[in-house]
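Since the structure comes first, as structure tokens, the remarks are kept for the end.
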Amino acid sequence: MNTNPSGAMHEYWRSLEERARTPEFERWLHAEFPAAAEEWVSEIHRRDFLRLMGASVALAGLGACTKQPLEKIAPYVKQPEQIVPGKPLHFATATTFVGYAQGIVVTSHEGRPTKIEGNPEHPASLGATTVWAQADVLDLYDPDRAQAITKAGQISTWDDFLPELNLALERQQQTGGSGLRILTQTITSPTLGRQLADFAKKFPNARWHQWDPMTRQNIHIATGSGEHIYNVAAASVIVSFNSDFLYLHPAALRYAREFASARQVRQVKGARMNRLYVAEPTPTITGASADHRIAVAARDIEMIAATLAQGLGLVEGIDPTLLADPIPKWIKAAARDLSANQGRSMVIAGETQPPAVHLLVQKINHHLGNIGRTILPGRQVVANPLDQTESVRALIRDMNNGAVDLLFIIGGNPVFDAPVDLAFATALGRAKLCVHHSLHTNETSLACHWHIPAAHFLESWSDALAFDGTPTIIQPLIDPLYAGVTAHELIEAVIRQPVRSAFEIVRESWRTAKPSLDFDFDWRRALNHGVVPQASEEAIAASIQTGQSRALNQSGLEILFRPDPNILDGRYANNSWLQEMPQPFTKICWDNAAIVSPQLAKQEALKTGDVVELEFRGKKIAAPVWIQPGQSENSVTLHFGNGRKEAGRVGRNVGFNAYELRTADALWFGEGLTLRKTGSKHEFATTQHHHAIEGRHMFRAGTLAQFSTDPNFASRMTEVPKRNETLYNPDEFKNAGYAWGMVIDLNACIGCNACTIACQAENNIPVVGKYQVSVGREMQWIRIDSYYNGSAEAPELNHQPVPCMHCEHAPCELVCPVGATVHDDEGLNLQVYNRCVGTRYCSNNCPYKVRRFNFFELNSKLSASEKLGKNPDVTVRSRGVMEKCTYCLQRINAARHVAELDHNRSIRDGEVMPACAQACPTEAIIFGDINNSNSRVSEFKRSPLNYGMLAELNTRPRTTYLAKLRNPNPELASL
Amino acid sequence: MSAGIIPPDEQVRTRLSPLGYPSNLLGPRVTYADVNESISSIVLCDRAPAQWWVGFAVAFALLMIFFLAVSWLLIRGIGIWGVNIPVAWGFAIVNFVWWIGIGHAGTFISAILLLMFQNWRTAINRLAEAMTLFAVACAGLMPLLHLGRPWVFFWLLPYPDTMGMWPQFRSPLVWDVFAVGTYFTVSILFWFLGLVPDLATIRDRARRVWQKKLYGFLALGWRNSADHWQRHQTAYLLLAGLATPLVLSVHSVVSLDFAVAQLPGWHSTIFPPYFVAGAIYSGFAMVLNIVIPVRKIYHLENLITERYLNNMANVMFATGLMVSYGYFIEAFMSWYSGDIFEQYMMTNRAFGPYGWIFWVLMLCNVLVPQTLWSRRIRCNPFPLFIVAFFVNVGMWIERFVIVVTSLHRDFIPSSWGSYAPTLWDWATLFGSVGLFLMLLFLFIRFLPMISISESRELVAEPAKANAL
Amino acid sequence: MNEAKIFGIAAEFETHEQLVRAAKNAYAHGFRKMDGYAPFPVDGLAEALGKKNRLPLFVLCGGVVSGLGGYFMEWFANVVSYPINIGGRPLHSWPAFIPITFELTVFGAALTAFVFSLGLSGLPKPYHPMFNLSEFERASQDRFFLCIEADDKRFEEESTRRFLESLAPLRIAEVPQ
Amino acid sequence: MAQIFSPRSNVQAKVIIVATILLVCAGGWLTSAVWWSPYTTYVNVPFDQPVPFSHQHHVAGLGIDCRYCHTSVETSSFAGIPATETCMTCHSQLWTEALLLAPVRASLTSNTSLKWTRVYDLPDFAYFDHSIHVRKGVGCSTCHGRVDQMPITWKTQTLYMKWCLECHRAPQNYLRPQNEIYHMAWHPSKDQTALGRQLIAQNHIDTSGRLTNCSTCHR
């Protein structure tokens, strides 16, 4: 039965200790009774308890026999036009990633934004969304947001603020603002840029500084402002030097879509794939998608890039022997592949690499004639790009010299995230008056005199540019919930008063920027489409300088600083969806770790969970270790963003603060890290702490070559019972109308978690917190399993999204005693919450374990604002009921009603899209009617790569997978 | 007076059969009056013995813990237990199966032995039946408590509701409802029917008015007439005939809760017979654990002779061997099936995280009972008590192994988990023991724990009493 | 209580063998309305007294009716009342309906057995003339009684008493009404 | 031995038994009775509202069409409760001083909603869509009764699932032509089934059983 033709090469496993079956691992894996699972809520006192006891008895007896309470209903006083109660509206606007715009379409129910989707017309979205865009809506309703203007912690008002501001400004008037400073993050908003220009005019001696912990300055320095725009789809060979262009990149959504489209294989005929080479120190989403990935120290990448350049005959005098095997092999192969694909290849380097690498990369791309073909010179997008490290350094110098009288910090949290050796906090103390403007009251706000709560972008007018310079006008969907003020209004207060509304400010800047005959029409069209039609500006030809590449390759430990894959630089620290999102590969949530390589762990006798003391540049922190296959041998990765001391109820004291080691000269990596075992232990909450694949065939993969010779290799791995192998009538229920089904293309999936968070947002899925996750009670309806394959040092990294399979022979349904989970005539496996009594038998009998149970009442304790964010089309589940993926039933029904109201036409293919499929950047999830042979999903299911997970159990899953294909270079069979 | 019928100086002499087994079901020179007196006095005496009070106090304390645990459960929700995904069933189900199993011995003794004309049931059947009732009561509570929403438990029953919905009759859980419900009802009827003549005896022995009235009321006016006896005997026999297939079906249905699921470690055809054997195994162990002390405290050596102990030990041993065979065949089948999931299940069960529990199980249910090869142990109350206790613990562990270790690692490794019982899980387990003992002590105090009329039969026909 | 009328005349015996013999004689003598009392079921006593027993028939009916009712309920609920696709199994998946059918059969039968065994014996009947007899409480210990009742056709106080004496009982007593 | 019980007790015993049996049955009957009674269902129970609005007056008296106030009934799941403005379109001219209407005027001036007590209130886990029902030929009065005869609004149906199923199982008994949807007095004629079947065909109503799927109303 379970014989695997390629069993030898596909032995999946998911953690190191498991591969080396050490006794420690056994003990850890077999921690049969994990720490105190005991559950008691302390705040309940004796008397309450007795009262509750009484109540509970009543509850037990009469709980079901309580009649429905009367409800009030409050109509509008004035019916707003366009709002039809019960019908959601959609508005185009944009969110930002490190300042770069990503177009979104926001769903609004009776004026409450409830869901964020991508804007198909926007170049940086193409209809997809990042996890952060999805989670923004939760931030909007975050009850911990700063709600009032405060002065020294005391609640104050805008009207108290202005006089004090003006007093300070008058003094600055005389000196031309020599004591006036503004500190912002990376900004792409033309309006804000224009305002700051006006500001500079008014106060010639004032300075505008920038600091963004995720700064892309290395690229800007190299290119002299504009970032290249890559046409990934056109590249058949891609070499990435530590660039996570599929995940942590302003254009990630677009690049991911293009990348996947160039790898899509369904039939043998005309099957072609691009080939991705990645050299990176720590596993990333991009690295996981590589055909050839090498784990190398970040510091060696410059050398490697140079060697590659030498291989192409661009530079001389580099001794490749300095590089350890198999790096030279990798370089040679890459070089040959590149030169064989001149003009059809691309080389890209990450923002964490020094300018020199970017210069080399440009050189290589030029040499290959990729510029203009797969690479287009970019426009200047960032307003006033500069070396932010130097910028913040200068500001701190001024502050220390007492030269700063009035400081505005627009967004960000420099006290927490500025380079630690510059000691921003102490310097800030010397500024005479500082005003902080941010969404949450954070560490910086506390250190400032004034704090002005920022309006959330869903509450405010603004604008922003995408990676390629496409502008989007950001429009509000809801009046500010609290006393939020936009940055525009705050700057306006500095340069001119009375302050106009952000609407007028933004509108004016566009009126001046794009004077046209019918401005109002253009304006409305821009708002409707979420993009402003591009005036063809002159692109900045990237300045090509030749960088002198040094052969580094020092020995010793290297420290890497990377933004947290969930909460980025800490700006999403108080977002519970993101905190509870299982991180790629590690599946850690509510935490961060010091990620070390298996080799280092062996050498230092470290186990996952050991707390180590890390010393770097004289600073020390304690951090728990996570052993990560595919980590470069001597690199230790720290994710910064967690360890917040002042971040609201969710984010406070989660994980440790990696910024405490991040210095100006080692923003992204640096040598000289020392590591010492402390002996204490730390419990990680992971959604997958048991990892062995045990030679099973949930995940199936092969190579393009294998596929073209043996197309059915995947479906043959297990033997699936025939339809008619039954004593019953196999056609007892023939599904006449729509037959909904799903295909998940493992070849496209990059494991970015967008589906998980999109589902959480769409389906009112609650979060449960670190402890509940650690005892196995997470609630996400679609999870992403990750599997490793190959050696511990250079493993293949694979992802597999797992939602409910909607089995036609659903094992869960058979065992439910009350018929709370049943089938409908369109093949959906339904979970009827209001019928469920909570025997949990269905979950026991579900081989996929995709069912989630409400072990406690998880929704009643939500704050009023959080409740506003719930999707009214989906039942909010109560305590004691089972829940699971519904294929977004609410969307199917909505589409059906639309279709039937529209002269009873039938639902068009693609008209229904589950949240996961809609958010997916690579279109890895295809959903539709499998009775319609022309539908996309049917076409995918016809692929020989199509297989049903555990279909050998005769569950007949409606959700099936396309096996993953890799396109290795024959030269590098070993890698 | 709770003192027995033998003067202290005279010892019970055990007559031995040719094969060397104790053969007499009654002590020497026992008369009708002795039987009546020794049994009814326990009920009619004014003060219960000190041991009774001690036991009662303990049971009461445990019962209070049970109430506490249940209230907290209803207030906070099922999350206070250790259950999770994938291990969605925990102690509650383990306890359920355990208690149901224990109940089976009662029915076995009173029904099956009756049909086989085994007279050695006479002195223990009443106690065993009572034990059945109380065990089933404890068992019945567990599935209710383990519901996510216990207050809608009645959705498992067919009744005309406002939704036009019905229970899902294909689900083994619904079969459970009917099986356990029927089992409980039939047990009560059987037990009470047998009790009626004895209540009449008590009524006739009672001297206090309230006792006369109470037991007179319960005796329904029984007057030992040929008419009554005839129908009584027929009904009793018929009930026995019905209870026999019933008792087999009940644990079979319980086993189907697992066997119907496709989980490796559950999905197995041997489950029904194997569960029934296990049920009788643990049931007899529990009877011994109760009878042995009771016999001592109330000096009933003349009515519950060594032959009873020996025979019960034999049945326990026999079923124990069947269960061991079950363990063996389970392992063999999982290997023989060639199914990787089954094979992994078995290795994981024996050598996985919960491996040590599996080996404790082997100790309790397979090794320790081997001592029963020796007659000296079978006829010797104290060691027998210890062995029976091991078996009871072992059978609980068996259910834990089946439920938890099968669940915690099933098909997809990514969703493997582990299970850790909480304080509240333990409270519920021991609390239910409290409930059981509480009911048992009340029974011993207020109702005749040995069938008087049947004992009189033995006196009437010494041949029966000493038949081999 | 009317002194004049009596319920019957009872004879008290030492052993159950004597009682059975007495019963046989009485029946042969033509007495029908009579009853024997023993501390335990005595084999052959009822037969000797010529008692009929129709209980098994009732029990059979009870079982069959409730069993069929159970199966019908399951079929009705799944096929007629609210047909739903449960895991692709047929609406009328008879194998799954068997367990409940069986349980209900047993349930019905057991209930009839209990109710009818008491009912046909006229229980509950807390008051009965026999209890007027002072020695009668030993009927639940070690004495065996035969009582020929007054409303028997052949009952005639003197002759009946003489007949009973002919059976050599321990003693004979009138049972007052 | 002496008698413990008097001769009467025989009768008493039998009475007790019969009584217990009756009691159990009565208990069952009572529960269901309460369950279907207005106490639980609110059927025919008028609620006191901030303004004693009379459909009788506005619909029968003035002949205002349902859609004048319940504007979104044909387009949205929610039929719509008229905004205060809607009331004031007339009542800024008529009954401008009426004491009864004070709350309405107050609502407009203070710009705060009127708080009506909801009469037809489905549980939150049941999703009902007016637009589709209206389009498929279910008239107002089928569920809402003769509101044109209600001086104050009350519920005419239990809204129990069983009740919904009556129509979802056999729509032909309830459907009416489009032009009759808002006609209060409409009631099925003798040949309703025939008409119903015809409407089912022409409105593409799927009677294969999809209408009784859980997913039709529960999500």
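Chain A is the first sequence line, chain B the second, and so forth, proteins listed ahead of strands; every chain is numbered from 1. Remember, predicted model here, so these are calculated numbers, not experimental data.
- With sequence neighbours left out, the side chain to side chain contact (heavy atoms under 4.5 Å, CB included) criterion links A:Ser935 to A:Asp909, A:Asn932, A:Val937, A:Ser938.
- Atom CG of D:Asp191 has more than 12 heavy atoms from other residues, nucleotides or ligands within 6.0 Å.
- Interface remark: of the candidates D:Gly80, D:Pro123, D:Ser72, D:Ala126, D:Pro123 forms the most heavy-atom pairs closer than 4.5 Å to chain A.
- Contacts of D:Ile205 with chain A are absent, with no heavy-atom separation under 4.5 Å from either backbone or side chain.
- For the set D:His130, D:Met88, D:His204, the count of heavy-atom pairs under 4.5 angstrom toward chain A peaks at D:His204.
- Looking at A:His897 and D:Arg135, their side chains never come closer than 4.5 Å, going by heavy atoms from C-beta outward.
- In this structure, chain D has a heavy atom under 4.5 Å from the side chain of A:Leu830, while its backbone stays farther away.
- Within 6.0 Å of CG on D:Leu30 lie more than 12 heavy atoms contributed by other residues, nucleotides or ligands.
- Among A:Asn904, A:Ile892, A:Val874, the residue with the largest count of heavy-atom pairs under 4.5 Å with chain D is A:Asn904.
- D:Asn44 CG: more than 12 foreign heavy atoms inside a 6.0 Å radius.
- Residue contact with chain A, scored on non-hydrogen atoms closer than 4.5 Å, involves the backbone and the side chain of D:Tyr39 alike.
- For the residue pair D:Thr117 and A:Lys72, a side-chain donor N or O sits within less than 3.5 Å of a side-chain acceptor on the partner.
- Interface remark: A:Asp873 contributes backbone and side-chain atoms alike to the contact with chain D (heavy atom separation under 4.5 Å).
- Only the backbone of D:Thr112 comes within contact range of chain A, with heavy atoms under 4.5 Å apart.
- Evaluation of the side chain to side chain contact (heavy atoms under 4.5 Å, CB included) rule for A:Arg908 yields A:Asp902, A:Arg905, A:Glu911 as partners, not counting sequence neighbours.
- Among the candidates D:Thr86, D:Thr71, D:Asn203, the residue making the largest number of heavy-atom pairs closer than 4.5 Å to chain A is D:Asn203.
- Although no hydrogens or angles enter the test, the distance criterion places no donor-acceptor pair under 3.5 Å between the side chain of D:Ser76 and the main chain of A:Val84.
- Taking A:Pro85, A:Gly86, A:Ala74 one by one and counting their heavy-atom pairs under 4.5 Å with chain D, the maximum is reached by A:Pro85.
- The backbone N or O of A:Glu71 lies less than 3.5 Å from no partner atom in the side chain of D:Arg118, so there is not a single donor-acceptor pair.
- With a threshold of 4.5 angstrom between heavy atoms, D:Tyr127 approaches chain A through side-chain atoms but not through N, CA, C or O.
- Of the possible polar contacts, one joining the A:Lys87 side chain to the D:Thr75 backbone as a donor-acceptor pair under 3.5 Å is found.
- Between chain D and the residues A:Val876, A:Thr875, A:Ile73, the largest count of heavy-atom pairs under 4.5 Å involves A:Ile73.
- Note on A:Gln79, A:Arg877, A:Glu900: by heavy-atom pairs under 4.5 Å with chain D, the leading option is A:Glu900.
- Proximity to chain D among residues 817-827 of chain A is limited to A:Val822, A:Asp824, A:Asp825, A:Glu826, judged by heavy-atom separations below 4.5 angstrom.
- With hydrogens and angles ignored, the 3.5 Å screen pairs no side-chain donor or acceptor of D:Asp129 with any backbone N or O of A:Asn893.
- Looking at A:Tyr76 and D:Thr84, their side chains never come closer than 4.5 Å, going by heavy atoms from C-beta outward.
- Near-neighbour residues of residues 729-742 of chain A relative to chain D, defined by a heavy atom under 4.5 Å from a heavy atom of that chain, are none.
- A:Arg896 touches chain D through its side chain: at least one heavy atom from C-beta onward sits under 4.5 Å away, while N, CA, C and O do not.
- Put simply, the side chain of D:Ser113 gets close to the backbone of A:Pro75: a donor and an acceptor are under 3.5 Å apart.
- Interface remark: D:Asp206 contributes no atoms to any contact with chain A (heavy atom separation under 4.5 Å).
- At a threshold of 4.5 Å between non-hydrogen side-chain atoms, the residues D:His218 and A:Asn834 count as touching.
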